[in-house]
Amino acid sequence: MDMRLATWNVNSLRSRLPRLLPWLAETHPDIVCLQETKTAAGAFPTDELRAAGYESAAHSEGRWNGVAILSRVGITDVTTGFDKEPGFPDPEARAISATCDGLRVWSVYVPNGRTPDSPHYAYKLSWLAALRDALTPALAAGPVVVCGDFNVAPTDADVWDPAAFAGATHVTVPEREALAQILAAGFTDVVPRPMKGPHPFTYWDYRAGMFHQNMGMRIDLVYASAGVTVESAYIDREARKGKAPSDHAPIVVDLS
DNA sequence: ATGACTGTTGGTAACAGA
């Protein structure tokens, strides 16, 4: 059957609800992975999303982070976090998984890393390695899609200017190697088509007119296992325009 | 124009994001 899957770092679900709800009505995704919901436990807008036709599963912690999965095709076997998930020092709300109509879906928000010499960078690498380990048994159980803000640009073509990122996080060899290790576990990188220009960027800094100059990055990724047939995928950069947007655009993936 | 950051909080400045 056909299924439409989306992933979007909304940079505060409460602030973005006026953008998310009409977008859901226009785009009609069956499953939506959200990151940076920034919702406190108990403050998730379950009722508003139910009224829009979606069941919710959320992993919330308050001021930072927060991930969720929305579904209108059922949502069962919800797991928050994963086995041996590292923390800083305690595990944060960065991963949630659920089964939606036979598909195992993960929504992840990888630690930023800040700078390569920061303890947050080591945390990021250990988190990615542990995610890879946690995905191995999931892959054995059936088709899996891992969606989210990976906070790593897979190649130099995935940043607007590689020279501008010299010495910065998101582009280092160890980060890219961590992505390669996840792919090697049994995934394909579903590269979405950009709506405009050659670069499939998903994030543009709010500052200095970065968006209108198309100075972006591809750091939101969709990893699909064998058994998941992707018909098409695109970045909805229209959702990055207008009043009070997130700094990330959603990725929409049509599966069959 | 899609426009020059935006989100959070025992807040009103500080920090995080990437």
Side-chain angles (χ1 to χ4, degrees), chain A residues 7-20 22-23 26 34-45 58 60-68 87-88 90 92-94 108-125 127-128 148-172 174-176 178-179 194-197 199-221 234-251:
Chain A
T7 184
W8 196 358
N9 179 325
V10 290
N11 186 18
S12 172
L13 180 54
R14 190 178 64 181
S15 292
R16 214 64 60 216
L17 213 52
R19 296 296 304 260
L20 176 64
W23 186 84
E26 291 169 9
L34 300 176
Q35 301 86 37
E36 281 206 85
T37 57
K38 298 184 178 177
T39 46
F44 196 86
S60 304
E61 70 173 55
R63 182 176 188 177
W64 305 116
N65 311 315
V67 287
F88 198 88
D90 299 317
E92 300 169 307
R94 295 183 176 277
V108 301
Y109 175 49
V110 177
N112 173 287
R114 300 191 185 180
T115 58
D117 61 354
S118 165
H120 290 268
Y121 178 82
Y123 169 45
K124 179 181 194 173
L125 294 180
W127 198 92
L128 284 165
D149 179 355
F150 281 71
N151 270 319
V152 181
T155 74
D156 279 352
D158 295 312
V159 296
W160 60 274
D161 179 8
F165 289 85
T169 185
H170 292 61
V171 299
T172 67
E175 290 167 279
R176 288 173 170 171
L179 291 189
M195 276 185 164
K196 177 185 178 184
H199 303 289
F201 297 147
T202 64
Y203 162 85
W204 300 261
D205 196 295
Y206 284 123
R207 291 168 288 188
M210 296 284 274
F211 177 66
H212 82 276
Q213 298 173 78
N214 201 25
M215 296 160 73
M217 307 171 75
R218 182 170 80 101
I219 53 174
D220 299 273
L221 306 175
Y234 70 95
I235 298 159
D236 189 356
R237 73 189 302 280
E238 295 298 313
R240 179 64 178 77
K241 301 178 182 177
K243 182 178 172 57
S246 172
D247 43 3
H248 296 250
I251 301 169

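Below, chains carry the letters A, B, ... as their sequence lines are ordered, and counting in each starts from 1. These figures come from a predicted structure and were not determined experimentally.
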Could you please name the option among [options] that lies closest to any side-chain atom of [X]?
X      : options               : result
A/R63  : B/dT9, B/dA18, B/dA16 : B/dT9
A/H212 : B/dA18, B/dG17, B/dT2 : B/dT2
A/Y206 : B/dT6, B/dG7, B/dA18  : B/dT6
A/S12  : B/dG7, B/dA18, B/dT9  : B/dG7

Need one value for [X]: base, sugar-phosphate or nothing, where a base atom within 4.0 Å counts as base even if backbone is also close, heavy atoms only.
X      : answer
A/N214 : nothing
A/Q213 : nothing
A/R114 : sugar-phosphate
A/N151 : sugar-phosphate
A/Y203 : sugar-phosphate
A/K124 : nothing

Determine the Euclidean distance between corresponding [atom1] atoms of [M] and [N]; express it in Å to zero decimal places.
N      : M      : atom1 : value
B/dA14 : B/dA18 : P     : 22 Å
B/dT8  : B/dA4  : C1'   : 22 Å
B/dT6  : B/dG11 : C1'   : 16 Å

Is the distance from OP1 or OP2 of [N] to the nearest side-chain N or O of [X] less than 4.0 Å?
X      : N      : answer
A/H120 : B/dA16 : no
A/N11  : B/dG7  : no
A/S246 : B/dT6  : no

[X] [atom1] to [N] [atom2]: how many Å, rounded?
X      : N      : atom1 : atom2 : result
A/Y109 : B/dA16 : OH    : P     : 12 Å
A/E175 : B/dA18 : CD    : C1'   : 11 Å
A/R14  : B/dT8  : CZ    : C1'   : 9 Å
A/H248 : B/dG17 : NE2   : C1'   : 8 Å
A/N9   : B/dT6  : CG    : P     : 16 Å

OG1 on A/T202 to CG on A/L221, rounded to 0.5 Å: 7.0 Å

Atom pair OH (A/Y206) and CZ (A/R240), whose distance is rounded to the nearest 0.5 Å: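 That separation rounds to 6.5 Å.
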
For A/Y121, all residues meeting ring pair (Phe, Tyr, Trp, His ring centres under 6.0 Å), sequence neighbours excluded: none

Trace of the ring pair (Phe, Tyr, Trp, His ring centres under 6.0 Å) decision for A/F88 with A/H120: CA-CA 8 Å; A/F88 198 88; A/H120 290 268; 4.0 Å; yes

Parallel, tilted or perpendicular: ring planes of A/W204 versus A/F201, cut at 30 and 60 degrees: perpendicular

Whether A/H248 and A/Y203 hold their rings parallel, tilted or perpendicular, with breakpoints at 30° and 60°: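 Answer is tilted, since the angle falls between 30° and 60°.
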
hbond_proxy A/K38 side chain to B/dT9 base (donor-acceptor, 3.5 Å cutoff):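 By the distance-only test, no, there is no pair.
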
5′-ward residue of the pair A/M210/A/R16 relative to DNA chain B: A/M210

Anti/syn call for B/dG10, syn if |chi| within 90°: syn

